[in-house]
There are 2 protein chains.
Amino acid sequence: MKGLKTRSAILDHAADLASVEGLEGLTIGRLADELQMSKSGLFAHFGSKEELQLATIEIARERFMTEVFKPALGTERGYPRLVAICRGWLDYIQRNVFSGGCFFAAASFEFDGRSGPVRDAIKKTMDEWIGAIEKAVRLAVDEGHFGPDVEPAQIAFEINAIFFGANYAYNMRHDKRAITRAWNAIETRLEGLRQSPRPARFAHPEKRVARRRAS
Amino acid sequence: MKGLKTRSAILDHAADLASVEGLEGLTIGRLADELQMSKSGLFAHFGSKEELQLATIEIARERFMTEVFKPALGTERGYPRLVAICRGWLDYIQRNVFSGGCFFAAASFEFDGRSGPVRDAIKKTMDEWIGAIEKAVRLAVDEGHFGPDVEPAQIAFEINAIFFGANYAYNMRHDKRAITRAWNAIETRLEGLRQSPRPARFAHPEKRVARRRAS
DNA sequence: CCTACCGATCGGTAGG
DNA sequence: CCTACCGATCGGTAGG
């Protein structure tokens, strides 16, 4: 019982530290120091640095989903829920939920050129997240809020990209307009999808290229 | 003369290594090992790890500008040049110019929560780059390719965000469609700007907010 | 959960 | 550009 509480306190701190220093920059010695416990005492909870990293990713995932995704599920499916997810993500950045900005943005760019279990765990969480955005777009199509030719994977790609851009501008440039810019970009894009049916040359950019190659 | 050649070889390798391992993960020992020279021999070229990091950022900046930005300057100013810059960036990712993906995307997300000279150098290069995109948009407005109410800073924000998203999808997800998706996103957005004048509620998202604040 | 310790590697230095 | 070395810190272990 007390062991679990300690473990939880370690991981909460580890997630914040890793959002600043990176998952490789996260060291057992520093973590122990800041939590005022011995290195070996902390180490015993995990058995290896990799296990500590994986446990930190898991706690960060729970925090992320609780803060960003779950609240949006209370909104009605389709366009309103998609908007709630996007607003939720922007709020999450503005509230500085992790002290170094979005944990998964940092982790993604730290591990995108590597291999191994840590990279796989980050990718899995990101797949889950981007998949959730994609599903929200698909529901908006199903509900008739978007035209039937809207491509959920394309829109999810774009929304996720805007999130990365907002995280960058907010944390690196300390630009408070980052949130407004991101929201404007998303709103403009999503409102455009509601004007269906759009002219054919704008409706299906992906398929147009595919066709060109096929011919 | 030979000293400069060695220095250049070190930094070329350092930029690739840092794009995978991060600028903190870049260690003098490993770099010396891979270049088959002694640690102290390599170290003597820079005097400190921080100087090595700063020199690596500078060489990466030169590579980036040579590969992405300079070729686009041959295209006529305005919309064509802006498109050339975007295509140049996507080509640069597809050609794997740095082995771990875009050096500056990785460096930006590694250092966005820190302070100090290394962070400042990364930010400065990114400011230069985003400023270049912004200028290209402004020229497109000046040339009459875009409507007069297009906001260069907003569009530069969005294009840079799409680049981050493409870098993520290409390197983490190994998704070859990343380039197509990014291009589709950019093309759709830019083509939309040419349909000026657009209805007022879509034309000026940023200024709309600014006006609201001013009143 | 602790003290005490391990070999390896870190950034950096002395001296040539 | 090298060999030889420094103190500090790394992840991890022994033993309690």
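Here is how names work: the chains are called A, B, and so on, in the same order as the sequence lines, proteins then strands, and each is numbered from 1. All values below were derived from every heavy atom in this structure, side-chain atoms included, with hydrogens, water molecules and symmetry-related copies excluded.
Nucleotide D/dG11 holds its P atom 13 Å from the CG atom of A/Asp33, rounded to whole Å. Protein atom CZ of B/Arg30 is 12 Å distant from nucleotide atom P of C/dG11, rounded to whole Å. Spacing between atom CD1 of B/Ile28 and atom P of D/dC1 amounts to 15 Å, rounded to whole angstrom units. The CG-P distance, from B/Leu42 to C/dT13, rounds to 15 Å in whole Å. As a whole-Å value, the separation of B/Lys39 NZ from D/dC2 P is 13 Å. Here the P atom of nucleotide D/dA8 and the NZ atom of B/Lys49 are 19 Å apart, to the nearest Å. Taking atom CD on A/Glu21 and atom P on C/dC10, their separation rounds to 18 Å, with Å as the unit. If you measure from atom CD of A/Glu51 to atom C1' of D/dG12, you get 14 Å, rounded to the nearest angstrom.
In this structure, B/Phe64 and B/Trp129 have perpendicular ring planes: the angle between them is above 60°, well past the 30° mark.
Using a 4.0 Å cut-off, no side-chain N or O of A/Ser40 falls inside it from OP1 or OP2 of C/dA4. Phosphate contact (OP1/OP2 of C/dC10, side-chain N/O of B/Thr27, threshold under 4.0 Å): present.
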Handout entry: Verdict with supporting geometry, B/Glu110 and B/Arg119, salt bridge (charged side-chain N to carboxylate O under 4.0 Å, His left out)
Key = CA-CA 9 Å; B/Glu110 184 180 3; B/Arg119 174 220 160 88; over 6 Å; no
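The closest side-chain heavy-atom distance from B/Glu134 to B/Phe157 is not below 4.5 Å.
When each of D/dC1, C/dC1, C/dG12 is scored by its nearest atom to the side-chain atoms of B/Phe43, the top-ranked nucleotide is C/dG12. In the set D/dG11, C/dG12, C/dC1, C/dC1 carries the atom at the smallest distance from any side-chain atom of A/His45.
Across all strands shown, the partner of D/dG15 is C/dC2, judged by Watson-Crick or G-U wobble contacts whose two distances both fall under 3.5 Å.
Taking all atoms of both residues into account, the shortest heavy-atom contact from B/Phe163 to B/Ile186 is CE2-CD1, 3.8 Å.
Among the heavy atoms of the strands, none lies under 4.0 Å from B/Leu31.
In this structure, A/Phe109 has its ring center under 6.0 Å from that of B/Phe109.
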